[in-house]
S.K.: 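Here's a structure for you.
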There are 2 protein chains.
Amino acid sequence: MDAQLDSLNYDSAGLVPVVVQDFSNGEILMLAWTNRAALEKTIETGKVHTFSRSRARIALKGESSGHFQLVKEILTDCDRDAVIVKVEQLVAACHEGYRSCFYRRYDPDESDWKIIATAVFDPKQVYSK
Amino acid sequence: MDAQLDSLNYDSAGLVPVVVQDFSNGEILMLAWTNRAALEKTIETGKVHTFSRSRARIALKGESSGHFQLVKEILTDCDRDAVIVKVEQLVAACHEGYRSCFYRRYDPDESDWKIIATAVFDPKQVYSK
């Protein structure tokens with residue numbers, strides 16, 4: 001385990017981007033950052049942990065909402081500088097209530113990105129608990 | 001178009017990560033970096049262009065190999081700081097001959113990541129042309 005995590009090419013801040021993908025249908029749920037310690041926690045607990053750059057700490061995905069991401073598979077790429085975690089997503093990944101954070105599509109005929117998904121929970125209810 | 005690209009939250013180097021995903025089956029093909037100009041070129045030409053950090057320039061994906069990525073859809077996320085481009089991939093995305101760059105899986109029982117894919121072309125032949 002250690003050797004595999006050591007073999008990744010972390011950037012100067014010790015981070016690699018991580019794509020979280022729905023194991024069941026291939027939908028990309030979010031893109032975040034992780035580091036060696038967050039990957040270790042992810043593997044140990046079976047729940048996705050990321051490194052929050054804004055909070056400068058490791059964060060358990062779903063710690064406020066209970067919308068955990070249960071790890072099924074971890075992949076890396078040819079350069080070993082990016083990671084995919086395939087997961088079973090509980091409820092939804094996005095703090096705005098959408099299943100996936102990628103709910104906006106580029107539309108050449110519009111002035112703003114078009115929302116193409118429907119929220120599956122109400123953030124006001126979930127995060128006010 | 002311009003306003004949508006302007007609305008992205010590029011990092012201090014003017015970049016956002018871009019995940020390239022197979023439109024037909026959801027397979028993640030690669031993770032790269034892009035900027036406003038590379039996104040414009042991607043939209044104008046219908047072929048994925050990225051910003052190569054190592055070469056410090058915009059690069060047409062497939063310029064050496066002919067393995068272009070034909071754009072089907074572009075998505076962004078809640079924070080507008082990451083992009084997905086869904087594509088039709090010609091031949092393969094990875095310069096090592098694999099369909100996807102993500103051909104290695106974490107294996108708790110092994111000392112190194114396990115190769116889980118089979119190459120679909122021979123890099124020596126394609127890149128020596």
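Chain A is the first sequence line, chain B the second, and so forth, proteins listed ahead of strands; every chain is numbered from 1. What you see below is based on every heavy atom in this structure, not just the backbone, and it leaves out hydrogens, waters and symmetry mates.
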S.K.: What distance do B/Arg105 atom CZ and A/Lys86 atom NZ have between them, rounded to the nearest 0.5 Å?
M.R.: 9.0 Å
S.K.: So does B/Asp11 pair up with A/Arg53, basic N to acidic O under 4.0 Å?
M.R.: no
S.K.: Are any non-hydrogen side-chain atoms of B/Cys78 and A/His95 less than 4.5 angstrom apart?
M.R.: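 Heavy-atom side-chain distance check passes, below 4.5 Å.
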S.K.: Drop me the distance from B/Lys114's NZ to A/Gln4's CD, to the nearest 0.5 angstrom.
M.R.: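 Output value for this atom pair is 11.0 Å.
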S.K.: Hey, which of A/Ser7, A/Cys101, A/Gly26 has the most heavy atom pairs under 4.5 Å with chain B?
M.R.: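 Winner by heavy-atom pair count: A/Cys101.
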S.K.: At a heavy-atom separation under 4.5 Å, does A/Thr76 approach chain B through its side chain, its backbone, both, or neither?
M.R.: both
S.K.: Counting only heavy atoms closer than 4.5 Å, note whether A/Ile115 contacts chain B via side chain, backbone, both or neither.
M.R.: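 Neither part; nothing is under 4.5 Å.
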S.K.: Can you say whether A/Leu29 sits under 4.5 Å from chain B via the side chain, the backbone, both, or neither, judging by heavy atoms?
M.R.: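 It is neither, since no heavy atom gets under 4.5 Å.
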S.K.: Are A/Tyr103 and B/Val83 connected, step by step, through hydrophobic side chains (Ile, Leu, Val, Met, Phe, Trp, Tyr) whose heavy atoms are closer than 4.5 Å?
M.R.: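 Hydrophobic grouping puts A/Tyr103 apart from B/Val83.
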S.K.: How about B/Arg80 and A/Trp113: do any of their side-chain heavy atoms sit closer than 4.5 Å?
M.R.: yes
S.K.: Do the side chains of A/Phe51 and A/Val16 join up, straight or via other hydrophobic residues, at under 4.5 Å, putting them in one cluster?
M.R.: no
S.K.: Is any side-chain heavy atom of A/Leu31 closer than 4.5 Å to a side-chain heavy atom of B/Ile84?
M.R.: no
S.K.: Are A/Leu15 and A/Leu60 linked, directly or through other ILVMFWY residues, by side chains that come within less than 4.5 angstrom of each other?
M.R.: no
S.K.: Transitively linked via ILVMFWY side-chain contacts under 4.5 Å: A/Leu8 with A/Val85?
M.R.: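 Yes, it is one cluster - the side chains of A/Leu8 and A/Val85 are joined through contacts under 4.5 Å.
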S.K.: What's the spacing between B/Tyr106 OH and A/Leu39 CG if we round to 0.5 Å?
M.R.: 9.5 Å
S.K.: Quick one, A/Leu75 with B/Ile28, criterion side-chain contact (heavy atoms from CB on, under 4.5 Å). Give me CA distance, side-chain angles, the key distance, then yes/no.
M.R.: CA-CA 10 Å; A/Leu75 305 175; B/Ile28 297 173; over 6 Å; no
S.K.: Counting heavy-atom pairs under 4.5 Å to chain B, which of A/Asp77, A/Asp79, A/Ile116 comes out on top?
M.R.: A/Asp77
S.K.: Group every Ile, Leu, Val, Met, Phe, Trp and Tyr by side-chain heavy-atom contacts under 4.5 Å, then state whether B/Val18 and B/Leu5 land in the same group.
M.R.: yes
S.K.: Any chance you could measure A/Phe102, atom CZ, to B/Gln21, atom CD, to the nearest 0.5 Å?
M.R.: 9.5 Å
S.K.: Can you tell me how far apart CZ (A/Arg104) and CD1 (B/Ile74) are? Round to the nearest 0.5 Å.
M.R.: 15.0 Å
